[in-house]
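Report on the structure given below.
Remember, predicted model here, so these are calculated numbers, not experimental data. One-based numbering, in listed order, for ligands and for the atoms of each.
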Amino acid sequence: MSSKVVHVAIIGAGGVGKCFINQLSAFAAKSSVTLKTILLSRSKTALVSRDYSGINLSTWESDFASSAVATPAFPAETLDFLKSAPGPVILVDNTSNESVAAAYPQFLNAGIHIVTPNKKGFSSGIQLWNDIFAAAKNGGNPNGGYVFHEASCGAGLPVISTIKELVETGDVIKKIEGVFSGTMSFLFNNYAPLDGKGTMGFADAVKFAKDEGYTEPDPRDDLNGADVARKLTILARLSGLQVEDITKFPIQSLVPADLESAKDGDEYLAKLPGHKSNDDIAEKKAAAEAQGGVIRYVGSIDFSAGSEVVDKVSVGLRTFDKTSPIAGLQGADNIISITTERYNKTPLVIQGAGAGGDVTAMGVLGDLIKVLQRI
Ligand code: NHO
């Protein structure tokens, strides 16, 4: 008996994409479904299996290096190619590209399934969120494709699936708070460690986090708080709070205003030592220590606070008692604490590595497996 064939199109092969391809390759070798990767693209060049027979994943890196095939135009050419596949297609978006995310509704409406760690589709304007789920099978369109985005918050940690299940089973979310950024976690765990022995200045701690590979290529993309704000927007929407976009609640940026215009991450890192903003953060660190606490960069959604999004959602530095689980985090770990009607006295807590290629790719492959189980 021949096995079912499912086609996979992978857009983006950077840090997460490479890990994903390795994991997919190992999974495909033991899967009862025949998985054929028909597209593997980066911004400029691609591998394309025009006859839909599948790309050889064991040699993809060398094949890619010698490929002169231009990446098919997106979305039109890519959509036409995928729609003509002789069977179901799962599109894996491993980019952080906003225009790729903006085209999800078209792909879903064509019955193409989407799995992605890209936050843009789910944390930009609410209209895109509504359009994505109106087009998706798991949003009510019987002819649409499935869409899953577990790794858009907490990498491979089961944050999104847990919140969805709480809501679907009739629980009511009261509060979500925690450390949502692996970069910010690593930065503050080193800058303000529990033992009070942090000797690095803030600028050195930022550089250390960058050198250890934890920050985005331009560290300002983590330090301005937008990454955490995007994750909170996703969780708030899943919990039933209509957040229009990330401009609707306060975000404490740790990038000083005059360094926002630095031309790139290198210029920012070069100008940060000696900048007055380091003294401001050092003062906050000292004030926290004087109270027996430490500063951590956190996000919070308190569904009972006030009546507007601006009252309920916030992102920024806060002081935590040294005995609190948030203060005691290690490395680049995330911790997400969810208080609900059911988990009322003791919140449900999810904790573990929240950044990095392998754990993020695991969330994406887990989503791909969810699609395979449903089609
Ligand atoms: P890269 O390494 O920049 O790779 C992006 C790839 O996309 C490149 O190959 C580029 O050529 C390709 N690309 C861009 N536009 C394209 C286009 N139009 N067509 C074809 N290819 C295109 O990015 P990463 O690190 O691999 O990230 C990929 C996605 O995963 C991003 O959306 C990112 O936000 C998401 N993600 C990454 C991580 C992580 O740890 N690296 C996490 C979650 C999601 O949980 C993690 C996290 O939040 C990290 C965060 N910085 C933190 O908590 O500190």
Top protein contact for [atom], by heavy-atom distance:
{"atom": "atom 34 (O) of ligand 1", "result": "K119 NZ, 3.5 Å"}
{"atom": "atom 10 (C) of ligand 1", "result": "S43 OG, 3.7 Å"}
{"atom": "atom 8 (C) of ligand 1", "result": "G14 N, 4.0 Å"}
{"atom": "atom 25 (O) of ligand 1", "result": "V16 CG2, 3.9 Å"}
{"atom": "atom 38 (C) of ligand 1", "result": "T360 OG1, 3.5 Å"}
{"atom": "atom 12 (C) of ligand 1", "result": "G12 CA, 3.7 Å"}
{"atom": "atom 52 (C) of ligand 1", "result": "G182 N, 3.4 Å"}
{"atom": "atom 21 (N) of ligand 1", "result": "R42 C, 3.1 Å"}

Does the separation of the ring centres of Y191 and Y297 fall below 6.0 angstrom? no
Ring centroids only, cut at 6.0 angstrom: are F186 and F208 within range, meaning strictly under it? yes
Before you tell me yes or no, could you show the steps for F320 and F188 under ring-ring contact (aromatic ring centres under 6.0 Å, His included), namely the whole-Å CA-CA distance, both residues' side-chain angles and the distance that decides it to 0.1 Å? CA-CA 12 Å; F320 289 87; F188 282 96; over 10 Å; no
Give a yes or no on whether atom 3 (O) of ligand 1 lies under 4.0 Å from any heavy atom of the protein. no
Heavy atom of protein closer than 4.0 angstrom to atom 23 (O) of ligand 1: no
For ligand 1, find out whether one of its N or O atoms is nearer than 3.5 Å to an N or O atom of [X].
{"X": "A13", "answer": "yes"}
{"X": "G15", "answer": "yes"}
{"X": "G354", "answer": "yes"}

Report yes or no: is the cationic atom of R50 (NZ for Lys, CZ for Arg) closer than 6.0 Å to the six-membered ring centre of F81, at no more than 45° off its axis? yes
Give a yes or no on whether a salt bridge exists between [X] and [Y], defined as a side-chain N under 4.0 angstrom from a carboxylate O.
{"X": "E168", "Y": "K164", "result": "no"}
{"X": "K231", "Y": "D227", "result": "yes"}
{"X": "K276", "Y": "D279", "result": "no"}

Give the atoms of ligand 1, by number and element, whose distance to some non-hydrogen atom of [X] is under 4.0 Å.
{"X": "T183", "answer": "51 (N), 52 (C), 54 (O)"}
{"X": "A155", "answer": "45 (O)"}
{"X": "D227", "answer": "50 (C), 52 (C), 53 (O)"}
{"X": "N94", "answer": "5 (C), 6 (C), 7 (O), 28 (C), 29 (C)"}
{"X": "G356", "answer": "39 (C), 40 (O)"}
{"X": "V100", "answer": "18 (N)"}
{"X": "A151", "answer": "43 (C), 44 (C)"}
{"X": "D222", "answer": "51 (N), 54 (O)"}

Judged on heavy-atom distance to [atom], which of [options] sits nearest?
{"atom": "atom 51 (N) of ligand 1", "options": "H149, E216, E98", "result": "E216"}
{"atom": "atom 29 (C) of ligand 1", "options": "L187, T95, D221", "result": "T95"}
{"atom": "atom 19 (N) of ligand 1", "options": "T78, V364, I11", "result": "I11"}

Can you spot which of L348, T339, I338 makes a side chain to side chain contact (heavy atoms under 4.5 Å, CB included) with I173? I338
Below 4.0 Å from any atom of ligand 1, is there a heavy atom belonging to K44? no
Audit row: F122, F133, side chain to side chain contact (heavy atoms under 4.5 Å, CB included) steps and yes/no: CA-CA 10 Å; F122 311 94; F133 288 101; 4.1 Å; yes
In sequence, state the C-alpha distance, the side-chain angles, and the governing distance for Q291 and D321, and then conclude on side chain to side chain contact (heavy atoms under 4.5 Å, CB included). CA-CA 8 Å; Q291 295 170 36; D321 190 89; over 6 Å; no
Test: side-chain hydrogen bond (donor to acceptor under 3.5 Å, both in side chains). Region: residues 77-91. Which pairs qualify, not counting sequence neighbours? none
Between [X] and [Y]: side-chain donor-acceptor atoms closer than 3.5 Å:
{"X": "D222", "Y": "T215", "value": "no"}
{"X": "H149", "Y": "N118", "value": "no"}
{"X": "D51", "Y": "S53", "value": "yes"}

Give every donor-acceptor pair under 3.5 Å between a side-chain atom in residues 15-24 and any protein atom, sequence neighbours left out.
unit_1 : atom_1 : unit_2 : atom_2 : d
Q23    : OE1    : M362   : N      : 3.3
Q23    : NE2    : D358   : O      : 3.1
Q23    : NE2    : D358   : OD1    : 3.3

Side chain, backbone, both or neither: which part of K231 comes within less than 4.0 Å of ligand 1 when only heavy atoms are counted? side chain
If we set the cut-off at 4.0 Å for heavy atoms, which region of T215 has an atom near ligand 1: side chain, backbone, both, or neither? neither
As a quick check of understanding, evaluate side chain to side chain contact (heavy atoms under 4.5 Å, CB included) for I11 and F74, giving each step before the final call. CA-CA 10 Å; I11 305 188; F74 193 90; 3.5 Å; yes
